[in-house]
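We're numbering straight along the sequence, starting at 1. Both counts, for ligands and for their atoms, begin at 1 and track the order of listing. Below, all heavy atoms of this structure are taken into account, side chains as well, without hydrogens, waters or symmetry copies.
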Amino acid sequence: MSSHNLFSALRAAFPADLNATAVETDEGLNYSWADLDRATAMMANLLQSLDLPEGSRVAVQVEKSVEAMMLYLATLRAGYVFLPLNTAYQSAEIEYFIGNAEPAVVVCSGANFGWVSKIAFKAGTQHVFTLNDDRTGSLIDRAATHSDQHQPVPRQADDLAAILYTSGTTGRSKGAMLTHGNMLSNALTLKDYWGWKTTGGPDGHGDVLIHALPIFHVHGLFVAIHGALINGSKMIWMAKFDPKRAIGYMAKATVFMGVPTLYVRMLAEPALNKAAVKHMRLFIAGSAPLLIETFTEWQERTGQTILERYGMSETAMLTSNPYAADKRYGQQSERRGGTVGFPLPGVQLRVRGDDGVDLPVGEIGGIQVQGPNVFKGYWRMPEKTAEEFTADGYFKTGDVGKVDERGYVTIVGRSKDLIISGGYNVYPAEIEGYINEMKGVAESAVVGVPHPDFGEVGVAVVIAKPGAAVQPDAIIAELKAKLANFKIPKKCFVVTELPRNTMSKVQKNLLRDQYKGLFA
Ligand code: MLC
Ligand code: AMP
C-alpha cells in the first residue's frame, strides 16, 4: 500500500451496498455507509480548508454521537492527529491537555464554548468549533458548505493518528502517540482473532456490534469502532449505556464489548437470560479486571462465556482469550476466567523480575511487550519515553502478572499506583496533590478499595494540620469543583496518623486492607 492512512483501510472495508445501514442509533436514526463516507469527506474538506500545519492536533471534547465518531474518521482522512478528551474533564484538566498538545483545532460542545475557547485561544489554537449531540454546531454548519468528495491524505504507517492522554503515576499526564500503523495492525489482528463475520448475521450482512462505551478512550474509540468498520459491520449506537436497552438490542446484534461494570449492571437485570442472548456470538470484556464471580455468573445466566482481553492506551490490545482454537497454543480454545488469554499474534510478551531477568513460567513479575501495536512514545517527553522502554525495545506496561504453562497470561496487580474505577483510570498522586493544597490539610493518601459496581473506587485518608478543623465532606466538595467526576473518592476520612514503614513512606497496602470492606 503506498498510503497507510487508517481511514483508507476502514473505507475499503465498507460493504458494496453503501445504502445499507452502518449505524443505527438509540434515538431511532439510521446512518448508511454512504452517509459515513460523505459526512467524513465534508468534515475532512473543512479541516483541510483551514490550511493547518502538517501533524496538527484536533482536540475534541464532545458528548458521544455519531457525528463525533465521524469527526474522528474525518481527522484521520485529512491526515491530522485526533486528540479525544473525556467530557468529565473540567477546566484545569482541559487547560493542561490543550496547553501541552497545542492543538490547531479544538471542538467542544456549544454549552462549553465560553470556557473551552478561552483556554484554547490562550494556548494559541486558531480554530474552535462546536459540536452538540443533536447534530448541531458550527462544525456541522461549516462542513455542510464543503464537498462530499474527498481523497484521503496519504499517510505512512509511522505517522501519528491519535494522541491519548494517560495520567502519570508521578507528575502530569502523558500523551501516548499512536500511529496509523499501530491501529491498523491491531484492528486487523482482532478482526481475525475474534472471528468477525461478514455473512449470516441478523441484518443479512454479518456481525452487528452493540456500541455501548464512551468514545474518548481506546476501548470505545478504537477496539469497538475499528472492529466494526474494518469488517463492514453495522453498529447499534448507544449514546449512553443502559443495561435494559443493551439487553433488548441483543435480539438484533451479535457482538458486545464492555468494561466489567457494564456486565455487572446487566447481570442485575432479570431480563438477562439465555433467550435474550441467543443471537449473540461474542461478549468481550476488558479495561479492568473481570471478577471471576461475574465471569461465572454470566456463564450460568446466559450459557455464554465472556472473552476477556487486556490492553492499554499505549499499546491498544495486547492479549486475548481465544475465540476459536489457537494453533500457537496447541489448539486451545478455552476462555479462562481470571486470565487475559494469550499474547495476540504479532505481540511479544515477557515477564521480568526487578533485576531485569526473564522469569520462568508461573512466576510473577513486570509485564513487558513489543509489537506493531506498541506506541511511538509520549508526546514531547523523550526522557519519559526512554524510561518506559527497555534497551531492547520492550515497553514496560506497569502491570504485574504471570504466564502459565499453557500460555495464558494473568494480571495480578500493578506496579503503577493506579485505581481503575468502572474502566476509567484514576491516579492517586493527582488526587492527593489537589487535597494536599487544601486549607488545613497536612497530608493525604488515596487508595483503591473493592466496589461492587465500579470494581474499585478511591478512598481518601487525610491528616489535618495541627489545630485545623478539616471536614471530609468539604474535601469531597472541593475536589468535585475541580476534577472529573469519576476521579472523586467515594469516601474521605480525616485521621490523626497514616501507617508508615521505617523509611516514613505511607503503607498504602495497610490502608487498602483497613478500608477494603467499606462497600462490600
Ligand atoms: C461514573 N461515576 C463513576 C464512574 N462513572 N465513579 C467512578 N468510576 C466511574 N467509572 C460516578 C459519577 O461521578 C456520578 O457520581 C455517578 O457515578 C453517576 O454518574 P453517571 O455519569 O450517571 O454514571 P454512569 O453513566 O452510570 O457511568 C458509569 C459507566 C461509565 C460505567 C457507564 O463510567 C463508563 O462508561 N465507563 C467506561 C469507561 C471506559 O470506556 N473505559 C475504557 C478505557 S480504555 P456523582 O457523585 O456525581 O453522582 C482502556 C484500555 C483497554 O482502559 O484495555 O480497554
Ligand atoms: P488505560 O491507561 O486507560 O489504557 O488503561 C490500561 C490499563 O488497564 C492496563 O495497564 C491495565 O492495568 C488495565 N487493564 C486493561 N485491561 C485489563 C484486564 N482485562 N484486566 C486487568 N486489567 C486490565
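- Within the structure, the closest approach of Lys490 to ligand 1 falls below 4.0 Å when heavy atoms are considered.
- An N or O contact shorter than 3.5 Å links Ser287 to ligand 2 by distance.
- Under the 4.0 angstrom criterion for non-hydrogen atoms, His217 is not in contact with ligand 2.
- Asp133 and Lys64 are not joined by a salt bridge, as no carboxylate oxygen comes within less than 4.0 angstrom of a charged side-chain nitrogen.
- By the 3.5 Å distance cut-off applied to N or O atoms, Gly422 is counted among the residues near ligand 1.
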- Query: Phe493 and Tyr515: ring pair (Phe, Tyr, Trp, His ring centres under 6.0 Å), yes or no, with the steps?
  - Reply: CA-CA 10 Å; Phe493 297 95; Tyr515 293 108; 4.7 Å; yes
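- Heavy-atom proximity to Lys480, at under 4.0 Å, picks out these atoms of ligand 1: 46 (O).
- Ranking protein heavy atoms by distance to atom 20 (N) of ligand 2, first place goes to Glu308 OE2, 3.4 Å.
- Not close to ligand 1: Gly286, with no non-hydrogen atom less than 4.0 angstrom away.
- At under 3.5 Å, not a single nitrogen or oxygen of Thr261, backbone or side chain, sits near a nitrogen or oxygen of ligand 1.
- Nearest protein neighbour of atom 17 (C) of ligand 2, counting heavy atoms only, is Ala288 N, 3.7 Å.
- For Ala285, no heavy-atom contact with ligand 2 is shorter than 4.0 Å.
- In terms of N/O distances under 3.5 Å, ligand 1 is approached by Gly423.
- In this structure, the protein non-hydrogen atom closest to atom 12 (O) of ligand 2 is Asp399 OD1, 2.5 Å.
- Atom numbering of ligand 1 starts at 1 in the shown order; those under 4.0 Å from a heavy atom of Asn485 are 12 (C), 13 (O).
- Salt-bridge formation is detected for the pair Arg350/Asp392: a Lys NZ or Arg NE/NH1/NH2 atom is positioned less than 4.0 Å from an Asp or Glu carboxylate oxygen.
- Near Gly311, the atoms of ligand 1 lying under 4.0 angstrom from a non-hydrogen atom of the residue are 53 (O).
- Across Val361, Val351, Thr410, Thr339, a single residue satisfies side chain to side chain contact (heavy atoms under 4.5 Å, CB included) together with Val403, and that is Val351.
- Between the side chains of Glu432 and Ser444, no donor N or O sits under 3.5 Å from an acceptor N or O.
- Applying the 4.0 Å criterion to heavy atoms of His217 picks out, from ligand 1, the atoms 43 (C), 44 (S).
- The closest protein non-hydrogen atom to atom 4 (O) of ligand 2 is Ser313 N, 2.6 Å.
- Among all protein heavy atoms, the one lying closest to atom 13 (C) of ligand 2 is Ile420 CD1, 3.4 Å.
- The closest approach between Leu213 and ligand 1 falls below 4.0 Å for a heavy atom of the residue.
- Ligand 2 has at least one atom lying under 4.0 Å from a heavy atom of Lys416.
- From the protein, the heavy atom lying nearest to atom 6 (C) of ligand 2 is Met312 CB, 3.4 Å.
- Contacts with ligand 1 closer than 4.0 Å are made by side-chain heavy atoms of Arg265 only, the backbone lying farther away.
- Among protein heavy atoms, the minimum distance from atom 3 (O) of ligand 2 is reached at Asn425 ND2, 3.0 Å.
- The closest approach between a heavy atom of Val218 and any atom of ligand 2 is not below 4.0 Å.
- In this structure, Lys384 is not positioned above the aromatic face of Trp379 in the sense of NZ or CZ being under 6.0 Å from the six-membered ring centre and within 45° of the axis.
- Proximity of Lys487 to ligand 1 is not established, as no heavy-atom distance is less than 4.0 Å.
- Using a 3.5 Å distance cut-off with no hydrogens or angles, the side chains of Tyr323 and Arg281 do pair a donor with an acceptor.
- A perpendicular orientation is assigned to the rings of Tyr378 and Phe375, their planes being inclined by more than 60° (bins at 30° and 60°).
- Put simply, CD1 on Ile215 and CD on Glu63 are 10.0 Å apart, with the number rounded to the nearest 0.5 Å.
- Of all protein heavy atoms, the one lying nearest to atom 19 (N) of ligand 2 is Arg309 O, 2.7 Å.
- For the pair Trp237 and Ile210, the minimum side-chain heavy-atom distance is 4.5 Å or more.
- Both the backbone and the side chain of Phe486 come within contact range of ligand 1, each with a heavy atom under 4.0 Å.
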